[in-house]
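Below is one structure; the comments refer to it alone.
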Amino acid sequence: MSKIRAAKAALPPPECEEENAETAPISARAMRRPAAHYLEALNPEQREAVETLDGPLLVLAGAGTGKTRVLTTRIAHILSLGRARPSQILAVTFTNKAAREMKHRVGELIGGVVEGMPWLGTFHAIGVKIMRRHAELVDLKPSFTVLDTDDQIRLIKQLLQAENIDEKRWPARLLAAMIDGWKNRGLRPERVPEGESFAFANGRARDLYAAYQRRLKELNAADFGDLLLENLRLFQEHQDVLEKYQQRFLFMLVDEYQDTNVAQYLWLRLLAQGNGNICCVGDDDQSIYGWRGAEVDNILRFETDFPGARIIRLERNYRSTGHILAAASGLIAHNKGRLGKTLRTDGSEGEKVTVEGCCDDEEEARVIGEDIEQLQRQGHVLGEIAILVRASFQMRAFEDRFITLGLPYRVIGGPRFYERQEIRDATAYFDVTLNPANDLKFERIINTPRRGLGEATLKSLHQLARAQSVPLFQAARLMIETEELKPRPRKSLADLIAAFDRWRGLIDTMGHTELAELILDESGYTGMWQAERSPQAQSKLENLKELIRFMEEFDTLAGFLEHVALVMDAQTEEGADRVNLMTLHSAKGLEFDTVFLPGWDEGLLPHQRSLDESGTAGLEEERRLAHVGLTRARKFAKITFAQNRRNHGMWQTALPSRFIDELPIDHVEVAEDKGLRGYGPSRFDSAENVFADGFYETPGWQRARANRPRGSSPSAPRREPLTIEGTLVAASTADGAGLAIGERIFHQKFGYGRIAQIDGNKLTVDFDKAGQKKVVDSFVERV
DNA sequence: AACTAATACTTTTTT
DNA sequence: AGTATTAGTT
């Protein structure tokens with residue numbers, strides 16, 4: 001042990017023994033491996049990026065060039081050289097997923113779990129951590145709560161009401177977005193430009209922003225923007241605190257640097273003024289979050305911002321075949337403001353990028369659905385196929401189609417787990433139990449489920465709370481002692497207060513998961529969903545169960561709540577073999593063998609709104625989006641466009657995207673005369689297949705047959721229930737088919753309906769709400 | 001306070 | 001077209 005410690009600064013002898021693997025410090029464990037081991041896996045540029053440890057470094061890492069590998073190896077290298085302890089490395093990412101991935105991969109490199117990297121996390125998670133330690137310096141208590149967007153809007157609404165501002169003309173959302181924008185740019189209320197203040201309520205925006213900040217402090221709360229902006233203020237106003245962190249962080253690493261906003265940039269720069277060992281990894285060609293405050297300029301200006309900076313370009317692409325890479329490069333070359341990289345590959349040319357025009361979005365879904373079935377027949381794995389759309393409304397056509405085909409798919413992205421109504425309601429209950437002064441949460445659930453405490457009651461509570469300057473909960477406690485409320489609400493409110501008091505009393509004696517269940521049960525919250533027989537109610541109950549399961553990973557209720565707002569994201573269950581459906585934005589950082597890119601229509605892929613709002617800059621960002629989409633593909637990419645699209649009710653005719661014409665012709669193949677397929681009434685599309693040979697071999701049919709409880713061959717693989725957004729959508733009917741025309745059925749996605757026609761295992765159902773749909777029988781249950 | 005009818009809104013998403 | 005929120009009614 002001591003021998004290893006003594007050898008810290010030197011390279012370890014190769015014959016270093018594998019003793020004390022559990023107890024040895026990470027750096028020591030890392031040293032057991034010969035240094036060359038991990039460095040040899042890198043190409044020269046990557047290796048240079050890993051070994052250039054001192055001074056500012058910008059790694060321009062094009063798509064698929066091993067960006068994460070560089071970051072993780074660099075961390076391992078620093079540790080292995082003994083240049084820093086794990087706690088002296090700051091590594092920031094944008095998403096929890098990226099942070100987890102990095103932690104995992106560093107762990108793999110140095111052979112063990114990285115318990116000791118306390119400063120590897122998202123900007124926000126690290127921001128909270130620092131702010132809790134110095135809360136008083138930014139006018140908060142260390143126990144401050146982090147507001148989610150819902151709470152934020154609610155608070156702003158109250159503010160607008162108090163100021164008598166017409167919410168119709170000046171929606172709370174707009175102000176919330178403006179405040180968010182200012183925070184992203186590092187602007188505190190007093191610094192908001194006069195002109196921008198006039199964009200809301202005749203120039204009152206700045207004052208409202210200031211009032212909002214005051215309310216936050218009163219509530220002992222911070223919103224997401226504050227986690228950065230207040231942190232920045234902390235560093236700016238307290239030199240001693242800043243210096244402490246400057247000294248602590250010997251090395252800084254930043255992932256996805258092209259996505260940083262001004263506040264993040266200023267924060268990073270302050271910290272980097274310590275020893276200057278900052279390494280930013282990014283790709284200006286993948287900056288797609290400009291609308292959210294990201295500044296491409298940050299990456300373009302790196303050399304000026306960090307004097308003496310080195311820039312290393314990673315241009316060897318290990319992901320895509322030649323044609324795909326060439327098509328993507330040709331496209332992105334049309335952008336003006338870029339640092340410029342030339343991606344190249346040593347791999348094969350592969351197949352050209354296919355382009356196919358469709359007459360409308362339904363045909364688009366049908367064409368892609370057929371292609372996927374074809375691929376599946378050829379033995380492709382569904383999980384290696386992705387459909388990347390520009391806007392989420394495009395997903396509907398695909399979901400409908402896949403449900404009809406019985407093709408398993410999963411939606412990635414979508415509303416995040418903790419953002420869902422039921423999860424927020426449940427956590428609001430837990431929050432109030434722990435902290436009755438949390439007005440926003442209390443207000444959220446005071447009448448959920450309905451307990452007769454509506455607007456009128458809430459209004460008088462607010463009045464009393466304001467008059468006495470006490471939290472709502474306290475006001476409620478006082479009010480039930482008075483005659484102000486009518487008997488019924490008074491009783492109801494008294495019961496609620498008593499219940500919360502009782503739950504609070506149980507915190508120390510009861511296990512936190514049991515307590516959570518008890519709260520949801522006794523409050524009537526679970527009962528509320530059980531009583532509702534809607535397609536969503538069941539999945540909401542499932543989600544609540546999932547929430548309880550998730551809680552088990554924490555020691556206390558408080559510990560759980562601390563993490564829930566920042567860290568909890570949709571659990572994307574891996575493993576099950578499904579087609580991936582997501583937006584281009586959420587596809588960044590992922591890769592698939594086969595990628596379908598539907599909706600390359602003028603007005604949708606260069607999105608009209610983006611063009612209108614940001615002109616050329618908007619167009620370039622849209623082009624980067626297209627580039628991100630193409631570069632997700634390893635072997636096969638297909639672009640489609642639809643001439644007609646039913647957007648919001650109206651049929652709109654669109655031209656093919658200008659980006660299609662910008663693709664270098666040598667690497668593109670236009671799929672022609674396939675246009676004939678799918679013409680004619682869509683409901684016959686499966687019927688026509690009955691006569692085509694091979695119908696009984698289509699994967700959809702086989703899947704469906706394999707799923708039939710009886711009469712299927714025992715060896716047939718059983719399909720897992722289809723899930724959407726992580727929730728159970730269809731479980732196979734246990735007691736077999738035997739459904740008859742005219743029967744009432746229930747479908748998890750479409751709701752209730754009546755069977756109109758039966759064709760083998762495929763049912764045509766007239767749904768009460770969703771209209772006529774074709775579904776596979778195993779997706780419905782009898783009612 | 002709860003229900004129903006009318007009206008507005010619809011890019012992308014993290015934390 | 002569809003939903004989500006709001007205003008008006010019971």
Side-chain angles (χ1 to χ4, degrees), chain A residues 92-99 121-128 146-149 152-153 157 167-168 171-174 177 180 183-184 222-229 256 259-261 263-264 287-294 361 388-397 412-419 421 447 449-459 486 488-489 492 536 563-570 582-589 599 603-614 618 621-622 624-626 628-629 645-652 769-771:
Chain A
V92 277
T93 63
F94 275 84
T95 64
N96 290 308
K97 200 175 144 206
T122 63
F123 274 100
H124 293 84
I126 287 170
V128 182
V146 179
L147 294 193
D148 54 42
T149 343
Q152 224 180 95
I153 301 282
K157 269 189 183 157
E167 246 231 75
K168 279 257 188 68
R173 298 194 157 277
L174 177 62
D180 221 45
K183 288 186 174 177
N184 283 338
D223 65 16
F224 284 123
D226 280 347
L227 299 183
L228 291 165
L229 188 56
E256 306 276 17
D259 288 336
T260 49
N261 58 38
Q264 286 160 336
S287 164
I288 54 175
Y289 285 107
W291 51 274
R292 209 177 82 191
D361 49 354
L388 312 180
V389 298
R390 170 70 241 259
S392 47
F393 74 82
Q394 291 175 262
M395 290 189 190
R396 246 202 58 168
I412 294 184
R416 259 139 302 292
F417 189 69
Y418 87 97
E419 269 177 16
Q421 185 193 0
N447 202 28
R450 298 260 127 101
R451 38 173 86 86
L453 301 170
E455 256 176 87
T457 315
L458 199 57
K459 205 174 168 194
K486 296 202 177 73
R488 205 189 300 216
S492 185
Q536 297 90 21
H563 277 255
V564 77
L566 283 177
V567 180
M568 198 153 165
D569 45 12
M582 69 193 92
T583 63
L584 285 163
H585 282 89
S586 41
K588 195 170 71 157
L604 182 58
L605 187 41
H607 201 283
Q608 195 55 49
R609 195 126 158 196
S610 198
L611 299 179
D612 292 346
E613 280 172 12
S614 319
E621 182 155 317
E622 296 289 310
R624 290 193 291 267
L625 209 42
V628 165
R645 203 171 281 280
R646 203 172 29 198
N647 242 4
H648 12 273
M650 308 257 237
W651 280 97
Q652 284 182 332
K769 296 248 171 74

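Sequence lines set the chain letters: A, B, ... in the order given, protein chains first and strands last, and positions in each chain run from 1.
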Subject >> Atom-to-atom span, CZ of Arg173(A) to C1' of dT10(B) - whole angstrom >> reply: 12 Å
**OP:** Taking the side chain as every heavy atom from C-beta outward, state whether Thr583(A) and Gln394(A) have any atom pair closer than 4.5 Å.
**Re:** no
Original post:
Taking the side chain of His585(A) as heavy atoms from C-beta outward, which of dT15(B), dA2(B), dT12(B) is closest to it?
Top reply: dT12(B)
**OP:** Could you check whether Tyr289(A) gets within reach of a base, just the sugar-phosphate, or nothing at all, counting any heavy atom under 4.0 Å?
**Re:** sugar-phosphate
**OP:** To the nearest 0.5 Å, tell me how far Ile126(A) CD1 sits from Leu228(A) CG.
**Re:** 10.5 Å
Original post:
When you measure from the side chain of Arg292(A), which nucleotide among dT13(B), dT11(B), dT12(B) comes out closest?
Top reply: dT13(B)
**OP:** Check whether any side-chain N or O of Thr457(A) sits under 4.0 Å from OP1 or OP2 of dA1(B), and answer yes or no.
**Re:** yes
Original post:
Quick one: is dT13(B) close enough that its OP1 or OP2 comes under 4.0 Å of any side-chain N or O from Lys97(A)?
Top reply: no
Original post:
With a non-hydrogen cut-off below 4.0 angstrom, is Lys157(A) in contact with a base, only sugar-phosphate, or nothing?
Top reply: sugar-phosphate
Subject >> Aromatic ring proximity, centroids under 6.0 angstrom, Trp291(A) and His607(A) >> reply: no
Original post:
Base, sugar-phosphate alone, or nothing: which one does Asn447(A) contact when heavy atoms must sit under 4.0 Å apart?
Top reply: sugar-phosphate
Original post:
Taking the six-membered ring for Trp, does Phe94(A) stack with dT15(B) (centroid gap under 5.5 Å, planes within less than 30°)?
Top reply: no
**OP:** Check every strand shown and say whether Glu455(A) touches a base, only sugar-phosphate, or nothing at a heavy-atom separation below 4.0 Å.
**Re:** sugar-phosphate
Original post:
Does Ser392(A) have a side-chain nitrogen or oxygen under 4.0 Å from the phosphate oxygens OP1 or OP2 of dT12(B)?
Top reply: yes
Original post:
Hey, does the side chain of Arg451(A) reach the backbone of Ser492(A) with a donor-acceptor pair shorter than 3.5 angstrom?
Top reply: no
**OP:** Would you mind classifying the nucleic acid contact of Glu613(A) as base, sugar-phosphate or nothing, using non-hydrogen atoms under 4.0 angstrom?
**Re:** base
**OP:** Using the aromatic ring of His607(A) (for Trp, its six-membered ring), decide whether it stacks on the base of dT11(B) within the limits of 5.5 Å and 30°.
**Re:** yes
**OP:** Considering just the side-chain nitrogens and oxygens of Arg609(A), establish if one lies under 4.0 Å of OP1 or OP2 belonging to dT11(B).
**Re:** yes
**OP:** Output yes when at least one side-chain N/O atom of Thr583(A) is less than 4.0 Å from OP1 or OP2 of dT13(B), else no.
**Re:** yes
Original post:
Do you know the tightest heavy-atom contact between Ile288(A) and Asp259(A)?
Top reply: N-OD1, 4.2 Å
Original post:
Which part of the nucleic acid, if any, lies within contact of Arg390(A), taking any heavy atom under 4.0 Å across all strands shown: a base, the sugar-phosphate backbone alone, or nothing?
Top reply: base
Original post:
Does Met395(A) or Gly452(A) map to a spot on DNA chain B nearer the 5' end, using the closest nucleotide for each?
Top reply: Gly452(A)
